[in-house]
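The next block holds one structure in the form of structure tokens; read it before the comments.
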Amino acid sequence: MPPARLPPYPEWHQSARHAEGEDRIPMRMAHLFGRTLRDAPGDAELPSHQLLLRGAFVRPLGSGIFSLLPLGWRVVRKVEQIIREEMDAIGGQELYMPVVHPADLWRESGRYRDVGPELTRFQDRAERDMVLAMTHEEIVTDLARSEISSYRQLPMLVYHIQTKWRDEPRARGGLIRVREFTMKDSYSLDRDEAGLGVQYEAHWRAYERIFRRCGLKFVVVGADTGMMGGKSSHEFMALSPHGEDIILLCPNGDYAANREVAEFRRDAPPAEDALPMEEVETPNTTTIEALAKILDVPLARTAKAVFFKGGSGRFVFVVIRGDLEVNETKLRKVTDELTLVPATVEEIRAVGAEPGYGSPVGVQDAYIVADESVRDSPNLVAGANRVGYHVRNVNLGRDYQADIVADIAAAADGHPCPKCGAPFVAERAIEVGNIFWLGTRFSAAMGATYQDEQGESHPIQMGSYGIGSGRAVATVVEQHHDAKGIAWPVTIAPFHVSLLALGKTGDAETVAAADALCADLEAAGIEVLYDDREERPGVKFNDADLIGCPVRLSVSPRTLANGQAELKARTATEATFVPLGEAVAAVTAMLDALRAELSGEPDAADRAW
RNA sequence: CGGGGCGUGGCGCAGUCCGGUAGCGCACCGGUAUGGGGUACCGGUGGUCGGAGGUUCGAAUCCUCUCGCCCCGACCA
């Protein structure tokens with residue numbers, strides 16, 4: 001029966017959750033919303049996914065949709081607070097923008113048409129077209145054109161931390177790739193490219209500080225601009241064997257790039273005189289490897305044909321040297337196709353080619369794209385467009401013409417760095433942040449202009465800069481865990497200290513000592529997760545290791561016999577004992593030492609690139 | 001979207017091929033002992049087997065349709 005009215009203060013201030021005399025409620029494990037799991041759900045594969053589920057940080061609601069339980073939400077908020085501090089430090093102003101947008105704004109920018117089904121479109125009750133925000137360039141640009149009119153107002157930097165929705169074709173990897181997610185997006189507004197350059201660099205530095213403060217090891221690489229358009233983009237890639245992206249790193253630090261855009265040095269093979277074409281019989285030889293073997297030539301002396309159907313309907317016929325792979329991102333760019341899908345057998349035959357024996361010689365109604373490698377390599381073996389036959393000594397220019405000759409080859413581990421020639425190291429990585437040089441891509445399309453000193457109007461130079469906070473949290477777990485569980489960097493841990501009351505349940509002396517420690521720690525500004533449950537010590541130790549607070553403090557009849565508490569860092573192998581009266585000071589010192597390693601300043605341990 | 005796999009108490013799984021009316025471990029509740037690395041034992045609560053339809057005397061098991069989830073690929077600020 002609900003009360004008719006509240007009893008007078010202070011009685012109502014006390015609840016069943018308050019212990020005698022308490023004026024605030026500690027976070028007791030017995031009342032933590034969300035319980036830890038001994039076994040991870042069977043469909044979780046990544047360490048971060050398993051541990052965040054087992055530790056009661058997140059729960060799935062649907063494919064790529066998660067609830068954040070109290071522990072997980074605390075971590076995310078701490079990451080976001082770090083982001084806020086660093087954004088504010090470079091002049092950012094936080095604001096808030098809607099997640100539902102009128103489609104007309106997206107039509108103005110052109111993205112309503114250009115972006116695929118990952119943009120969710122729907123109609124409201126009045127049958128107006130709407131979209132769910134996957135990012136907010138249109139809204140910022142719309143705000144800018146009404147709020148900004150003079151060069152005197154620039155430069156400007158606004159940012160927001162909000163939910164976005166992208167209907168990914170395939171969510172995967174737990175929190176690494178989700179459909180509903182929170183990200184920080186900032187948008188810079190400048191009068192010219194020089195100003196944009198300053199803000200681009202400021203973000204670069206701020207991002208380095210943010211990720212260092214979160215304890216992430218990362219590298220910055222050049223990247224594709226994708227659906228954002230624009231001129232330049234860098235990605236902040238956290239190294240992880242479970243990363244979706246592959247990045248190529250020069251061991252001398254001269255170059256680092258996402259495989260999607262990575263260039264590599266092409267050493268021109270020795271010149272040869274073009275020899276006459278010569279057809280050879282090659283039965284059952286539909287792969288380049290088989291061809292090289294049967295004719296006993298290196299892969300680099302063969303030309304491979306790869307067939308795509310472009311979004312425009314064009315048949316794209318790619319010729320590349322046999323030892324290289326096609327990079328579809330580069331190919332999309334040079335062909336100006338938004339999408340490329342592998343061509344079907346019927347489509348291939350329709351242009352006069354034969355799957356497995358394809359050659360650009362003699363095909364029709366095809367857009368022929370040749371990689372630089374086939375221009376520079378004479379006398380290659382190509383297909384004969386006829387089952388069971390290939391042709392030796394095929395030469396671009398003499399035997400066929402290409403519509404474009406360009407770099408469309410995928411860089412790979414061991415390829416030479418374009419700057420210094422040293423062999424690349426390929427690493428898997430997770431993209432935790434990116435910065436985009438948009439230029440006037442949106443402002444020109446949407447009419448966001450300012451007037452200069454002469455009264456002339458110019459489009460605003462824009463940049464956009466994103467960090468996925470949930471992905472960053474999962475990535476930290478990928479980099480900071482062991483067989484027992486998570487080991488949070490102190491800067492983003494859900495609580496600073498796991499306080500364990502061990503020994504016989506209800507032992508008055510232990511409970512009193514632990515209660516007192518809890519109150520003293522909290523009074524010192526330390527966040528405590530207090531394990532007061534009626535559980536065996538092993539259960540508490542295992543849960544503390546799983547949840548991963550950076551410091552563990554235990555009291556039990558055994559430690560109290562010496563007037564001590566046991567202190568252990570999550571990552572340490574051995575515990576130490578401290579007198580009860582010095583426990584708070586010892587915990588504070590340990591936390592300070594951990595914080596000192598995560599100041600955001602460059603560290604000698606950071607890798608050169 | 002193509003290929004593969006899986007949906008049985010909160011979690012992990014068995015049972016499905018060879019229909020007979022649901023089982024094990026963990027968790028949870030009560031109890032006894034224990035009390036520093038997921039302790040032991042006793043006694044319990046909880047599911048009608050993703051959903052719909054069909055075959056059958058009888059369906060978790062067979063058939064049809066459907067929904068959802070995971071993995072690989074395609075795709076992806």
Side-chain angles (χ1 to χ4, degrees), chain A residues 34-46 49-50 53-54 56 59-65 111 114-119 133-137 164-174 176-179 181 183-187 223-230 233-236 244-245 258 260 308 311 328-329 332 338-342 344 431-438 441 463-468 471 483-485 500-507 510 533-546 552 554-561 566 568 575 577:
Chain A
R35 57 182 172 187
T36 57
L37 305 175
R38 195 174 294 202
D39 300 306
D43 52 24
E45 297 209 334
L46 298 191
H49 193 190
Q50 295 181 348
L53 288 169
R54 287 188 53 211
R59 291 291 181 251
L61 184 60
S63 182
I65 310 174
R111 291 206 292 180
D114 294 342
V115 178
E118 63 267 30
L119 175 65
M134 51 194 295
T135 178
H136 284 74
E137 279 77 8
K164 318 229 169 179
W165 170 265
R166 289 185 196 172
D167 197 356
E168 295 285 351
R170 186 180 147 215
R172 67 181 117 186
I176 302 291
R177 182 166 214 80
V178 292
R179 295 195 292 169
F181 58 101
M183 68 184 285
K184 185 285 300 181
D185 251 330
S186 44
Y187 302 92
D224 179 38
T225 52
M227 75 167 188
M228 305 296 305
S233 166
H234 285 85
E235 291 173 337
F236 290 71
E244 292 185 288
D245 289 291
N258 193 310
E260 290 182 343
F308 295 94
E328 288 190 35
T329 304
R332 260 199 301 277
L338 287 172
T339 59
L340 287 169
V341 294
T344 63
E431 179 191 352
V432 288
N434 59 33
I435 55 180
F436 279 100
W437 182 292
L438 294 177
R441 156 80 177 81
S464 80
Y465 316 85
I467 294 177
R471 178 183 284 190
K484 286 288 192 179
L500 312 187
L502 305 176
K504 190 172 176 177
T505 296
D507 177 73
T510 306
R533 295 175 299 172
E534 297 182 17
E535 289 288 356
R536 305 268 308 183
V539 174
K540 298 187 182 184
F541 285 137
N542 280 109
D543 273 344
D545 288 342
L546 175 60
R552 188 183 80 195
S554 314
V555 291
S556 69
R558 188 190 289 185
T559 66
L560 291 176
E566 184 205 80
K568 179 182 172 298
F577 292 87

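Lettering follows sequence order; numbering is per chain, from 1. All figures in this text were calculated on a predicted structure; none of them were measured in a lab.
- Between the side chains of A:Thr559 and A:Glu566, not a single donor N or O lies within less than 3.5 Å of an accepting N or O.
- When heavy atoms are screened at a 4.0 angstrom cut-off, A:Gly116 is found touching no nucleic acid atom at all.
- One can place CG of A:Asp39 at 13 Å from P of B:A14, the figure rounded to the nearest angstrom.
- Across all strands shown, B:C75 remains unpaired; no Watson-Crick or G-U wobble contact has both distances below 3.5 Å.
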Quick one: which protein N/O atoms are closer than 3.5 Å to N/O atoms of nucleotides 5-10 of chain B? Pair and distance per line, please.
none

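- Rounding to whole angstrom units, CZ of residue A:Arg533 and C1' of B:G38 are separated by 10 Å.
- When Watson-Crick and G-U wobble pairs are counted only if both distances are under 3.5 Å, B:G58 pairs with no nucleotide at all.
- Residue contacts for A:Phe181: at a heavy-atom cut-off of 4.0 Å it reaches a base atom on one of the strands shown.
- Following rounding to the nearest Å, A:Asp507 (CG) and B:G36 (P) show an atom-to-atom distance of 12 Å.
- Computed from coordinates, the A:Glu45 CD to B:C70 P distance equals 11 Å when rounded to whole Å.
- Side-chain contact check for A:Glu235 and A:Asn434: no donor-acceptor pair (N or O, by modelled atom type) lies under 3.5 Å.
- A salt bridge does not link A:Asp39 to A:Arg54: none of the charged side-chain nitrogens sits closer than 4.0 Å to a carboxylate oxygen.
- A straight line from CZ of A:Arg332 to C1' of B:A74 spans 11 Å, rounded to a whole angstrom.
- Here B:C17 sits opposite no nucleotide as a Watson-Crick or G-U wobble pair (both hydrogen-bonding atom distances under 3.5 Å).
- To the nearest angstrom, P of B:G37 lies 8 Å from CZ of A:Arg558.
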